[in-house]
Student: 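Next up is a structure, given as C-alpha cells.
The analysis underlying the following values was restricted to heavy atoms, covering all of them including side chains, and did not include hydrogens, waters or symmetry mates.
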Amino acid sequence: MGEVEQQFNVGLVRCTVWKNKSRDGDEFRTVSLSKSYKNKDDEWQNTSVSLSEDDVDRALEVLKNVKNYFENESLGDFTNASEAAEKAT
C-alpha cells in the first residue's frame, strides 16, 4: 500500500483511503475497510478488506441492501437474503 490520504472512523469500524502509484507511475486510490474486535483471549484484533476506488459504490449498494434486509426481516416475508435484496430495490 501507498501513503494514507484520509481516515474515517465510526466506532470500531475504520475506512482508510490510500494513495498509490502503479509501476508506470500512474496514481490511483484504494480503500481499506477494517473492523476491530476482541478475540476469545480478550486481545484486540483487526480484520480488513481492500477495495478499489471503483468497488466503493458497489460495496455501498450491497450494504444498503443488507440494511434494508435487516429493517424488513421482522416482517417474516423473506426466505433468504437474495429475495430480501430483490424486494429492497
Side-chain angles (χ1 to χ4, degrees):
M1 297 230 171
E3 108 186 32
V4 173
E5 181 176 338
Q6 185 66 262
Q7 284 189 333
F8 304 92
N9 300 298
V10 176
L12 298 175
V13 177
R14 172 181 288 173
C15 187
T16 305
V17 179
W18 298 88
K19 274 189 194 178
N20 300 282
K21 279 195 178 181
S22 70
R23 291 183 180 146
D24 298 332
D26 297 327
E27 290 189 357
F28 66 98
R29 292 186 285 192
T30 56
V31 173
S32 55
L33 181 64
S34 62
K35 167 82 167 72
S36 298
Y37 64 95
K38 285 191 175 183
N39 66 15
K40 64 181 179 176
D41 298 322
D42 208 34
E43 299 169 331
W44 283 103
Q45 302 287 312
N46 287 303
T47 186
S48 66
V49 63
S50 182
L51 304 169
S52 70
E53 197 170 345
D54 293 336
D55 288 332
V56 171
D57 283 335
R58 293 179 193 109
L60 285 170
E61 187 66 28
V62 169
L63 289 169
K64 278 195 274 182
N65 288 339
V66 170
K67 183 175 188 239
N68 287 333
Y69 170 74
F70 287 158
E71 289 171 351
N72 294 306
E73 182 180 29
S74 63
L75 300 176
D77 293 338
F78 306 123
T79 57
N80 62 51
S82 298
E83 185 179 340
E86 287 174 20
K87 289 187 178 186
T89 56

Student: Roughly how far, to the nearest 0.5 Å, is CG of Asn9 from CD of Gln7?
Tutor: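 It is 6.0 Å, given to the nearest 0.5 Å.
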
Student: Run the salt-bridge test on Glu5 and Arg29 with the 4.0 Å N-O cut-off and return the result as yes or no.
Tutor: yes

Student: Just to verify, what does Lys67 make a salt bridge (charged side-chain N to carboxylate O under 4.0 Å, His left out) with, not counting sequence neighbours?
Tutor: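 Per chain and number, Lys67 pairs via salt bridge (charged side-chain N to carboxylate O under 4.0 Å, His left out) with Glu71.
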
Student: Kindly write out the residues that satisfy salt bridge (charged side-chain N to carboxylate O under 4.0 Å, His left out) with Asp42, not counting sequence neighbours, or none if the list is empty.
Tutor: Lys38

Student: Nearest 0.5 Å please: distance from the CD atom of Glu53 over to the CG atom of Leu51.
Tutor: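 CG of Leu51 is found 11.5 Å from CD of Glu53.
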
Student: My understanding is that only residues two or more places apart in sequence, or in another chain, count here; which of them pass salt bridge (charged side-chain N to carboxylate O under 4.0 Å, His left out) with Lys40?
Tutor: none

Student: If you compare all heavy atoms of Val17 against all heavy atoms of Phe8, which two are closest, and at what distance to 0.1 Å?
Tutor: CG2-CE1, 4.2 Å

Student: Using distance alone, with no hydrogens and no angle criterion, decide if Ser36 and Trp44 have a side-chain donor and acceptor under 3.5 Å apart.
Tutor: no

Student: For Asn39, which residues count as a side-chain hydrogen bond (donor to acceptor under 3.5 Å, both in side chains) partner, sequence neighbours excluded?
Tutor: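 side-chain hydrogen bond (donor to acceptor under 3.5 Å, both in side chains) check on Asn39 returns Glu43.
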
Student: So, do Leu12 and Tyr37 sit near enough that their side-chain heavy atoms are less than 4.5 Å apart?
Tutor: no

Student: I'd like to check Val31 versus Cys15 (side-chain heavy atoms, cut-off strictly below 4.5 Å). Are they in contact?
Tutor: yes

Student: So does Asn68 get a backbone contact from the side chain of Asn72, meaning a donor-acceptor N/O pair under 3.5 Å?
Tutor: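 The answer is yes, because a donor-acceptor pair under 3.5 Å joins these two groups.
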
Student: What's the separation between atom OG1 in Thr16 and atom CD in Gln6, rounded to the nearest 0.5 Å?
Tutor: 9.5 Å

Student: How would you list, by chain and number, every residue that makes a salt bridge (charged side-chain N to carboxylate O under 4.0 Å, His left out) with Arg58, sequence neighbours excluded?
Tutor: Asp55

Student: I need the minimum non-hydrogen distance between Gly2 and Asn20, along with the two atoms involved.
Tutor: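 Scanning both residues, the minimum pair turns out to be N-OD1, 2.8 Å.
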
Student: In the hydrophobic cluster built from side-chain contacts under 4.5 Å, what are the other members alongside Val10?
Tutor: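 Joined to Val10, directly or through intermediates: none.
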
Student: My understanding is that only one of Asp57, Asn65, Leu63 makes a side chain to side chain contact (heavy atoms under 4.5 Å, CB included) with Glu61; could you say which?
Tutor: Asn65

Student: Let me confirm one number: the CD-NZ distance from Gln45 to Lys35, rounded to the nearest 0.5 Å.
Tutor: 12.0 Å

